[in-house]
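Below: the structure, in structure tokens.
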Amino acid sequence: MEARNIDVKSEISCQHLYKSFPGMDGNVTEVLKDVNLSVAKNEFLVILGPGQCGKTTLLNIMAGLDSSDSGEILLNDVPVSGPNPNLGLVFQRMALMPWKTVMGNVSMGLKFRGVSKKEREEKARYFINLVGLSGFEKSYPYQLSGGMKQRVGIARAYCSDPEVLLMDEPFGALDAQTRYMMEEEILRIWEKAKRTVVFVTNNIEEAIYLGDRIVLLSRCPATVKAVYPIDLARPRQFTDSRFLEVRQKIADNTDLAL
Amino acid sequence: MNAKASPAEIFSRFLPLTSLLLIIIVWQFAATGGYFGKSLPSPVAVVNQFVDMLAEPVGKTILGGHIWASMRRVLTAFAVAVLIGIPMGLLMGWNKKAEAIIKPIFEIFRPIPPIAWIPLAILWFGIEETPKVFICFIGAFIPAVMNAYTGIRFTDPLLLDAARSQGANLRQLFKEVAVPSALPAIFAGLQNGLSLCWMCVLAAEMVGAEEGVGYLILRGMDMSNPAMIITGMLIIGAVGALIAVGLRYVERWVCPWKREISM
Ligand SMILES: Nc1ncnc2c1ncn2[C@@H]1O[C@H](COP(=O)(O)OP(=O)(O)O)[C@@H](O)[C@H]1O
Ligand SMILES: [Mg+2]
């Protein structure tokens with residue numbers, strides 16, 4: 001793979017983000033501390049950080065669901081001030097509507113925007129097919145396994161046709177086997193429907209397996225510790241010596257057994 | 001179900017039936033043995049009484065008429081309680097101002113048992129239908145409001161976020177997320193309200209009525225006819241259970257996504 005020059009056209013970027021939460025004891029917890037990053041168009045960027053370091057907080061701010069104390073998110077040079085159809089979010093805890101079928105969940109964004117039933121179902125069907133869930137359109141979330149639920153979450157994020165997909169530890173709740181399968185799947189889906197992806201994980205192998213680039217976050221308060229371009233050809237092998245090399249290099253820079 | 005059930009399994013499966021049978025037998029012996037004088041009719045006498053009342057009027061109407069009279073009061077009150085109570089609860093759960101205004105008033109009235117309203121209801125509305133329906137209304141209204149309210153309040157913020165990130169506006173958040181997520185709680189409230197309603201109608205009818213199941217029981221007491229009282233009591237139980245089952249079916253139909261949990 002040719003190296004990308006990420007500065008040529010950054011699609012979404014975080015500029016000096018700060019965020020803190022008021023704690024129960026009256027103190028404030030600083031969660032984000034001067035977070036800067038920029039993501040190129042159609043890049044698969046992985047944000048790697050330890051648990052509780054502020055990854056979800058960062059992604060929620062990028063998605064416009066929460067606001068930062070200072071700093072800003074630029075999406076194509078325009079500040080993000082709230083939820084935006086060009087920003088699709090896949091949640092760590094799936095967040096599917098239990099009362100909606102797979103079809104209903106995937107097409108909900110289009111429904112909110114007043115797209116006709118026929119049109120939105122057609123589009124939803126395309127993405128349901130893309131994530132490999134054809135035939136499950138009428139199923140409710142409770143009838144699906146964890147991996148299938150997260151496929152619905154991915155299809156839902158795709159279906160609003162965002163330019164940027166934000167994925168918050170989407171495979172964190174899955175068993176190891178399903179997780180490996182979903183890692184392959186997400187690359188297959190991404191190759192087929194290229195978008196800018198910001199993928200959050202606390203798993204170093206997952207990060208190296210997926211990312212064009214890895215942004216390593218420090219412990220709380222999160223700040224960017226290092227950025228690693230990963231120029232290994234896909235599909236990557238976990239046991240490949242260069243894979244392990246990169247893993248060692250990143251692991252050496254973390255104060256945790258990632 | 002496995003094909004070969006051991007004798008112990010067969011025995012335990014018939015256990016409920018056996019215990020029912022036992023109680024009827026004990027009842028029969030107790031009644032015919034004369035330990036209670038005339039105040040305990042035998043099961044057979046109760047069945048006879050029931051069959052009699054199917055055709056023979058007690059007071060103004062036959063058994064079916066009495067059941068219908070009570071049902072009519074309950075259903076009227078229930079319908080009004082649902083139509084006012086659920087929107088009120090939803091509003092209270094969704095809108096902080098509405099909550100601040102309505103909730104305190106509600107907290108005062110909530111702990112008062114509906115039956116405590118009977119004397120006032122009679123003073124206000126006389127002794128006809130209105131006070132009875134009013135008492136039943138109170139019974140159903142409180143759980144209708146409270147459950148709609150808590151149902152909305154306990155909407156998972158994560159789901160609201162998910163809908164917001166999908167572009168939902170406030171109205172859509174309410175309609176597409178908050179209300180559906182409150183439905184199971186609302187149904188629990190209706191279940192509760194309906195059984196309270198059914199209890200209230202009996203109490204109201206016992207205070208003064210010319211028809212209804214409560215009237216039947218009171219009439220049985222006046223006429224020293226315990227078989228009539230017991231028939232009335234069993235009917236109350238049976239109708240109450242039927243209503244509950246019926247509502248559960250409605251819930252399964254409205255909330256198909258909960259099918260794996262209910263029943
Ligand atoms: N709404 C909130 N109020 C208070 N503290 C919060 C809130 N959201 C997150 N935090 C705190 O911020 C820190 C980072 O949380 P989070 O972003 O969820 O971490 P991660 O996703 O990396 O595990 C945690 O210590 C958490 O307790
Ligand atoms: Mg998180």
Side-chain angles (χ1 to χ4, degrees), chain A residues 56-57 59-67 80 82-102 104-115 120 124 138-144 149 152-153 155-162 164-168, chain B residues 82 86-87 89-90 93-94 96 147-191 247-263:
Chain A
T56 297
T57 306
L59 227 57
N60 280 351
I61 292 173
M62 289 177 79
L65 287 176
D66 202 350
S67 57
V80 172
N84 184 318
N86 275 322
L87 295 165
L89 183 56
V90 178
F91 289 80
Q92 186 171 7
R93 283 165 48 217
M94 324 273 180
L96 304 181
M97 308 292 147
W99 49 88
K100 286 187 190 288
T101 58
V102 168
N105 269 290
V106 173
S107 64
M108 61 191 276
L110 299 177
K111 185 179 187 184
F112 294 148
R113 276 191 273 152
V115 175
R120 65 178 190 253
K138 292 201 176 83
S139 302
Y140 287 98
Y142 81 82
Q143 298 169 309
L144 307 177
K149 277 186 208 163
V152 177
R156 175 173 69 184
Y158 257 107
C159 194
S160 294
D161 218 358
V164 179
L165 284 169
L166 307 167
M167 304 193 187
D168 188 7
Chain B
V82 165
I86 290 181
L90 295 179
W94 190 245
K96 286 267 140 54
N147 282 46
Y149 165 69
T150 45
I152 294 277
R153 281 298 304 272
F154 283 105
T155 305
D156 188 348
L158 180 73
L159 295 184
L160 290 170
D161 269 353
R164 280 210 301 141
S165 87
Q166 287 284 310
N169 59 31
L170 261 182
R171 194 180 53 78
Q172 288 163 332
L173 285 179
F174 179 70
K175 190 170 151 267
E176 301 274 340
V177 184
V179 171
S181 89
L183 273 182
I186 291 174
F187 268 101
L190 296 188
Q191 226 18 299
L247 201 59
R248 211 165 302 153
Y249 271 96
V250 176
E251 175 176 7
R252 288 219 281 171
W253 175 64
V254 177
C255 310
W257 73 90
K258 293 226 69 167
R259 209 160 260 172
E260 93 283 24
I261 303 170
S262 61
M263 299 176 113

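No hydrogens, no waters, no symmetry mates; every other heavy atom, side chains included, goes into these values. Just so we're on the same page: letters track the sequence lines, and every chain starts at 1. These numbers come from a predicted model, not from an experiment.
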Please indicate whether A:Arg113 has more than 12 foreign heavy atoms, meaning atoms of other residues, nucleotides or ligands, lying under 6.0 Å from its CZ. yes
Exercise: identify the closest heavy-atom pair between B:Trp257 and B:Leu183: CH2-CD1, 3.9 Å
Testing A:Leu165, A:Leu166, A:Val164 one by one against A:Pro162 for a side-chain contact (heavy atoms from CB on, under 4.5 Å), which residue passes? A:Leu165
[X], part contacting chain B, at a heavy-atom distance under 4.5 Å:
X: A:Pro85; result: neither
X: A:Ala63; result: neither
X: A:Phe112; result: both
X: A:Lys111; result: both

Of the listed A:Gly88, A:Ser160, A:Gly82, A:Pro98, the one with the largest count of heavy-atom pairs under 4.5 Å with chain B is A:Pro98
Among the listed options A:Leu65, A:Asn60, A:Leu110, the residue most often paired with chain B at heavy-atom distances under 4.5 Å: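 Ranked by contacts with chain B, first place is A:Leu65.
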Under 3.5 Å: donor-acceptor pair, side chain of [X], backbone of [Y]:
X: B:Arg164; Y: A:Pro83; result: no
X: B:Asn147; Y: B:Ala185; result: yes
X: A:Arg156; Y: A:Asn105; result: no

Answer with side chain, backbone, both or neither: which region of B:Asn169 has an atom nearer than 4.5 Å to a non-hydrogen atom of chain A? neither
